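To start, the structure under review is shown below, and the notes come after it.
Owing to the predicted nature of the structure, the values given are computational and were not obtained by experimental measurement.
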Amino acid sequence: MTTTERPAAATDPATPVTDPGGPEKESPWLRRLPWISGPVLLLLLVGVWQFTVSVVGVSEFILPAPAAVVGALGSCWPTRRSGATSA
């Protein structure tokens, strides 16, 4: 009875399997998708947040509007005129 041995690369689970097409065959849109979808989802989230506060009528105490949050953060941010120094 004879046995045939497989090459080590074929049986080793740590060997990465590469796509025969490779990354160069990937569409340019698929490579840009993470860079596009992140900002789009952020804008969508802020839009739903503003819609919820404005149209649905959620209390400003429970969920302040995005503009109110940005305004409050802006008033707390130090500026050069308020005494902040640069090193």
Side-chain angles (χ1 to χ4, degrees):
M1 189 152 121
T2 62
T3 60
T4 58
E5 292 185 21
R6 291 184 175 174
T11 59
D12 186 15
T15 304
V17 178
T18 57
D19 182 22
E24 57 275 350
K25 299 281 185 183
E26 195 172 83
S27 168
W29 284 107
L30 288 177
R31 282 185 275 144
R32 291 186 193 123
L33 187 62
W35 294 96
I36 295 170
S37 63
V40 167
L41 287 175
L42 181 64
L43 288 174
L44 184 66
L45 176 70
V46 172
V48 168
W49 179 9
Q50 183 65 44
F51 176 80
T52 303
V53 171
S54 303
V55 177
V56 176
V58 176
S59 170
E60 187 78 19
F61 179 76
I62 301 296
L63 184 66
V69 172
V70 170
L73 286 174
S75 67
C76 294
W77 201 267
T79 61
R80 287 193 178 263
R81 284 181 260 146
S82 66
T85 61
S86 62

(message) Within this structure, what is the CG-CD distance for the pair L63 and Q50, rounded to the nearest 0.5 Å?
(response) 9.5 Å
(request) Identify the two heavy atoms, one from V53 and one from P64, that lie closest to each other, and give their separation to 0.1 Å. (result) CG2-O, 3.9 Å
(message) Hydrophobic cluster membership, with links at side-chain heavy-atom distances under 4.5 Å among I/L/V/M/F/W/Y: are W49 and L73 in one?
(response) yes
(request) Group every Ile, Leu, Val, Met, Phe, Trp and Tyr by side-chain heavy-atom contacts under 4.5 Å, then state whether F51 and V69 land in the same group. (result) yes
(message) Taking L41 as the starting point, is it possible to reach L45 by hopping between hydrophobic residues whose side chains are less than 4.5 Å apart?
(response) no
(request) Please check if V55 and V58 belong to a single hydrophobic cluster, counting links between Ile, Leu, Val, Met, Phe, Trp and Tyr side chain heavy atoms closer than 4.5 Å. (result) yes
(request) State yes or no: do V56 and I62 share one hydrophobic cluster built from I, L, V, M, F, W and Y residues joined by side-chain heavy-atom distances below 4.5 Å, directly or via other members? (result) yes
